[in-house]
Each structure stands twice: as C-alpha cells, then as structure tokens.
Amino acid sequence: WSGNVAYRTALFDDGLRFDTRYNRKGTGIGGGSDGIMFRTLLGRKCHIRYEPEMCITHFIPDNKLRRTYFLKLHFTAGKKAGMYEMSWDGAILFGAPRYMYQQLVMKAFLALKLLFTQDSEYMREAMNVSYLYGVMSGFRYKSRSGRKNSYEK
C-alpha cells in the first residue's frame, strides 16, 4: 500500500503502465496497481528510493477510518488478486483451490478467538480472512468466466 509515490517519467517511455484493472470504479473501493508497479520495477532491476522527508497532507474521509472499510478494502484487493494474478492447477472445490478452504477456516477461528479474548491483533486477522475470502471469490469468478490472468499465456 502506498500513500504517495513519485516516478521518473522516463520509466513510462518504454511501455511501463499501471494495471488499470485495479482502479476503483466510481465510489467503489479499489487500488493495488501501485503494488504491481513496484513488483514490475523491482523485476526490471530499477532503483527505488524511500524518501523519509517527503511529506503529504492526505485528508481522509471518516468512512475510511472504520473497520468495515478496511475489511471491504482487503476483500476487494484479494478478489482482484484472485481474478488477475492467481493461477492454480491443483484440486478445486466449489470453484476455488481446495487448500484455501482450510486456510480460511483456520484464519477465521483465529480471528474469532482474538475477538473474544479482546486481543489487539483481531483486526489484522479479520483483514487476512477478508483478503483470503476475496482471493477465493476472485478465482471463482475468473474460473466461471473463462478469463486468464496476466501471467497465463
């Protein structure tokens, strides 16, 4: 996740582009193209520099400070990862990789345990559950529609 990034425009001269499939639509939740851009740049051996003195003022609406927003954000990021990045040749159950169901159940039980013990890590695990469920949903959608991701030929 990034809040503010500056790029040398020369990077875009040879066809480098943001993956617009990750853009938010209207008032919906979106994003994720920044992470893909970073992985692409690292794959091209580009130098990335962190500038700790770089400051921004970012006004965040109240609705983006709620737990439900973060759960929806992680679900959407997972769904897009499942639709556009994930490939799997193994066993499928109800349209998603079978191994993911065990992961989902284990993460959900952990999140519930943390919720009921009032552990501060509850929200992190709840976001992990939301992301994983999103990946499964995105993979299921991709499988049903016959789409291929950007890594498949």
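Residue numbers run from 1 in the order of the sequence given.
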S.K.: Mind checking whether Ile60 and Val5 sit in one hydrophobic cluster, side chains of I, L, V, M, F, W, Y counted as touching below 4.5 Å?
M.R.: no
S.K.: With side chains defined as the heavy atoms from C-beta onward, is the minimum distance between Tyr69 and Leu71 less than 4.5 Å?
M.R.: no
S.K.: Going from OH on Tyr133 to OH on Tyr101, what distance comes out if it is rounded to the nearest 0.5 angstrom?
M.R.: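 Interatomic distance, Tyr133 OH to Tyr101 OH, rounded to 0.5 Å: 8.5 Å.
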S.K.: Roughly how far, to the nearest 0.5 Å, is CG of Leu16 from CG of Leu11?
M.R.: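 Output value for this atom pair is 6.0 Å.
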S.K.: If we only count heavy atoms from C-beta on, is the Arg39 to Glu85 side-chain gap below 4.5 Å?
M.R.: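 In short, these two side chains touch, coming nearer than 4.5 Å.
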S.K.: Grab the two heavy atoms, one from Ser137 and one from Phe75, that are nearest each other, plus how far apart they are.
M.R.: OG-CE1, 3.7 Å
S.K.: According to a hydrophobic-cluster definition based on side-chain heavy atoms being under 4.5 Å apart (Ile, Leu, Val, Met, Phe, Trp, Tyr only), do Phe94 and Val135 belong together?
M.R.: yes
S.K.: Checking side chain to side chain contact (heavy atoms under 4.5 Å, CB included) for the pair Thr57/Phe59: CA distance, chi angles, key distance, verdict?
M.R.: CA-CA 6 Å; Thr57 300; Phe59 297 102; 3.5 Å; yes
S.K.: Among the clusters formed by ILVMFWY side chains lying less than 4.5 Å apart, do Leu93 and Val129 turn up in the same one?
M.R.: yes
S.K.: Identify whether Tyr122 and Leu65 are in the same connected component of the hydrophobic contact network (ILVMFWY, side-chain heavy atoms under 4.5 Å).
M.R.: no
S.K.: Rounded to the nearest 0.5 Å, what separates atom NZ in Lys142 from atom CE in Met83?
M.R.: 9.5 Å
S.K.: With a 4.5 Å limit on heavy-atom distance, are the side chains of Tyr7 and Leu41 in contact?
M.R.: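 Yes - at least one pair of side-chain heavy atoms lies under 4.5 Å apart.
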S.K.: More than 12 foreign heavy atoms under 6.0 Å from CZ of Arg44: is that the case here?
M.R.: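 Enclosed.
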S.K.: Mind checking the CZ-CZ spacing from Arg144 to Phe139? Nearest 0.5 Å is all I need.
M.R.: 11.5 Å
S.K.: Compile the donor-acceptor pairs under 3.5 Å between side chains in residues 105-120 and protein atoms, sequence neighbours left out, one pair per line.
M.R.:
unit_1, atom_1, unit_2, atom_2, d
Lys107, NZ, Glu125, OE1, 3.1
Thr117, OG1, Lys113, O, 2.9
Thr117, OG1, Leu114, O, 3.3
Asp119, OD1, Glu121, N, 2.7

S.K.: Any pair with a residue in residues 50-69 that passes salt bridge (charged side-chain N to carboxylate O under 4.0 Å, His left out), sequence neighbours left out, goes on the list, sorted by first then second residue, please.
M.R.: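 Found Arg49-Glu51.
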S.K.: Side chain to side chain donor-acceptor pair (under 3.5 Å) with Arg17: which residues, sequence neighbours excluded?
M.R.: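 Partners of Arg17 under the side chain to side chain donor-acceptor pair (under 3.5 Å) test: none.
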S.K.: What distance do Ile92 atom CD1 and Met100 atom CE have between them, rounded to the nearest 0.5 Å?
M.R.: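 That separation rounds to 10.0 Å.
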S.K.: How many angstroms lie between OH in Tyr131 and CE in Met136, if you round to the nearest 0.5 Å?
M.R.: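 Here the rounded value is 13.0 Å.
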